[in-house]
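Each ligand, and each atom within it, is numbered from 1 in the order the structure gives.
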Amino acid sequence: MRKTFIALAAALLASPAWSNTLIDHINGIQVGRGGELQHFDRLLIGDDGKVIRTLTGLDGERLNVQKRIDGGGRTLLPGLIDAHGHVMDLGFAALRLDLAGTSSLADLQQRLRDYAATHPDAKWIIGFGWNQELWPEKRFPTAADLDAVVADRPVVLERVDGHAVVANSVALKAAGVTAATQAPTGGRIENGLFVDAARNLIDPSIPKSTHAEMDRALAKAQEILLGFGVTGVGSMSTSLADWAAFRRAADSGRLQVRLMTYMTASDAAQSGQRPTGWLYADRLRLVGVKLFADGALGSRGAWLKQPYADKPDTRGLQFHSDAEMMNLANQAAAVGFQIATHAIGDAANAQVITVYETLSKKYGKDRRWRIEHFQIVDPADIPRLAPAGIIASMQPTHQTSDRLMAEKRLGPDRLKGTYAWQTVLKSGARLAFGTDFPVESPNPFPGLSAAISRQDVNGQPPGGWIPEERLTFAQALDAYTRGAAYAGFAEDKVGSLEPGKWADFILVDRDPTVAGAQSLARIKVLQTWIAGQKVFDREASASPPERGK
Ligand SMILES: [Zn+2]
């Protein structure tokens, strides 16, 4: 009896060590609690998929481990967390008519013609990703432009920022839109183009996706994300149907990427859905709601304090009165939701900051009020973030994609306070990075590169755009790991490889701390691991991720 007890006790003591996995011979890099870069040589993982510890030098040479994996000297980083992405849209964009990178209106028309010819059974043609700013025409497409190519069935094509769609005449008819139709407040209609709130006139007539289509889109999105080393996402503007798709995937063990989910305010209000704790071994959580204060800069929907430099008769679109905005945010906060509000223009940002200042007095500071994008901000408003506990959730590749447009829209004298990462950090506020995929590619490395250089992947412009807003690599990686985890109330689970956190990590093809900015942008992810399990292996993968080279 006593002997059995001792043997059992010995087995229990031995078992944790016996089932450990040691990832050996690695160039481990992460950001420490104080924001400093940490280096380590080995990573010890328990069979529960959590980190036991990182090791350096001769530490733990004589560890008794069950499994030893040779990292081959390659660089290991914590899994990257995209604080703001659209998971279902990413999957659908990859499965539907892809208009990303179209170089002219004629190019869009050609892709539409090809797609229509190869998809004769598609009742509606739905596409995504055009950007007229990249075309020589610089004008928005019209219903007539689409009619010239497809006139026998409805066509709806969404702009890359998701803030405008253009429809052909068959789609307009299906939606009951005529020349007499008026745009609602916060929206605009122009020759078959529907901007912001006007989308509500056309969107309801687009057939809903089936469960099977949604499941396929989610699987595709995860495949793309894991290939880019993204192990967690702040999943924005999630509908009830999207939430159901996430749960279906998790129920059947197909949800790999961790999703911190923000539901659309209308779906949250209509369904009475409440925030959840972590579900499915920390893979899924409904943490907040997403609100909108304005539109986007490309379609001049961003709400500015002063008129647009290139269209002086407008200051953009104010979505809500101050009282409405306060009401929407307060309703969601009262039932425990975190609030993430889209604000691009300086007027929109000032309005949201004022709302959050009031709410932070009412609900206390650790509600982690988020502003999504925080692109164009009056420098006088930036110091208001930290005292109210407001997080700036920003996308470095928006800066490189939008800088020329921002110069046109704002003129030269209003650029201070645009994409102002270093100023945000210096003010004492927290920063979380992401891409807003599929608006931008979900590939985090061009973003990390832009963050340290204020240059695009081709090194433009020389010296960087407003270079004083550059970050150090440690600051940039922090915003993409710890910062993004913090922004989703996940910093006790992920964002760093510390004891008790999930072993979510990636192996990459070069050391980002010694790579120049352009080399950093071209880093390839070799392997992606979640909870100590390998979920992507470039060598084993027949088709590496295709979006966003
Ligand atoms: Zn977004």
Side-chain angles (χ1 to χ4, degrees), residues 81-94 100 128-131 158-165 186 195-197 199 203 217-218 221 224-225 228 230 232-239 242-243 246 257 259-268 286-299 301-303 316-317 319 328 338-345 348-349 352 369-376 391-402 405 419 431-444 446-447 479-480 483-484 487-488 547-548:
I81 301 170
D82 191 313
H84 181 128
H86 301 269
V87 175
M88 298 305 296
D89 291 344
L90 178 67
F92 279 123
F128 170 83
W130 57 269
N131 179 0
E158 190 174 22
R159 192 179 188 277
V160 67
D161 62 8
H163 285 265
V165 295
V195 180
D196 289 318
R199 289 193 55 163
D203 286 351
L218 178 54
I224 295 168
L225 291 168
F228 283 129
V230 178
V233 172
S235 170
M236 289 293 152
S237 303
T238 302
S239 67
D242 296 344
W243 175 249
F246 297 164
V257 177
L259 300 180
M260 299 156 272
T261 299
Y262 296 79
M263 194 169 271
T264 63
S266 55
D267 278 22
L286 177 58
V287 65
V289 296
K290 171 86 177 291
L291 302 177
F292 285 86
D294 66 347
L297 196 59
S299 46
W303 175 29
L317 298 172
F319 280 16
L328 281 170
Q338 188 187 13
I339 317 287
T341 307
H342 165 116
I344 304 256
N349 276 290
V352 177
W369 319 107
R370 297 175 51 144
I371 298 184
E372 304 305 311
H373 311 308
F374 202 68
Q375 281 177 17
I376 299 153
I391 298 167
S393 166
M394 302 178 73
Q395 297 76 29
T397 44
H398 280 350
Q399 183 269 301
T400 47
S401 297
D402 293 355
M405 181 177 70
Y419 314 89
L431 196 55
F433 272 168
T435 59
D436 200 15
F437 65 74
V439 175
E440 302 282 351
S441 160
N443 184 353
Y480 236 120
R547 280 185 70 81

Looking at Tyr262, does the NZ or CZ of Arg370 lie under 6.0 angstrom from its six-membered ring centre and within 45 degrees of the ring axis?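 Relative to the ring axis of Tyr262, which defines the angle, Arg370 lies inside both limits.
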Is it the case that the side chain of Asn349 and the backbone of Gly345 share a donor-acceptor pair, with hydrogens and angles ignored and the cut-off at 3.5 Å?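 Pair found, side chain donor or acceptor close to backbone of Gly345.
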Measure distances from the Zn ion (ligand 1) and count the protein N, O or S atoms below 2.8 Å.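 Those protein atoms number 3 in total.
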Quick one: closest heavy-atom pair of Ala293 and Trp303, and the distance?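 Distance-wise, the nearest heavy atoms are O-CE3, 4.2 Å.
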Pairwise distance OG1(Thr397) to CD(Gln399) - rounded to 0.5 angstrom: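 Going from OG1 on Thr397 over to CD on Gln399, the span is 9.5 Å.
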For Ser237, the option from Lys290, His342, His84 that meets side chain to side chain donor-acceptor pair (under 3.5 Å):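 Per the side chain to side chain donor-acceptor pair (under 3.5 Å) rule, the option paired with Ser237 is Lys290, out of Lys290, His342, His84.
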Could you list the residues that satisfy ring pair (Phe, Tyr, Trp, His ring centres under 6.0 Å) with Phe246, not counting sequence neighbours?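 Ring pair (Phe, Tyr, Trp, His ring centres under 6.0 Å) list for Phe246, sorted by chain: empty.
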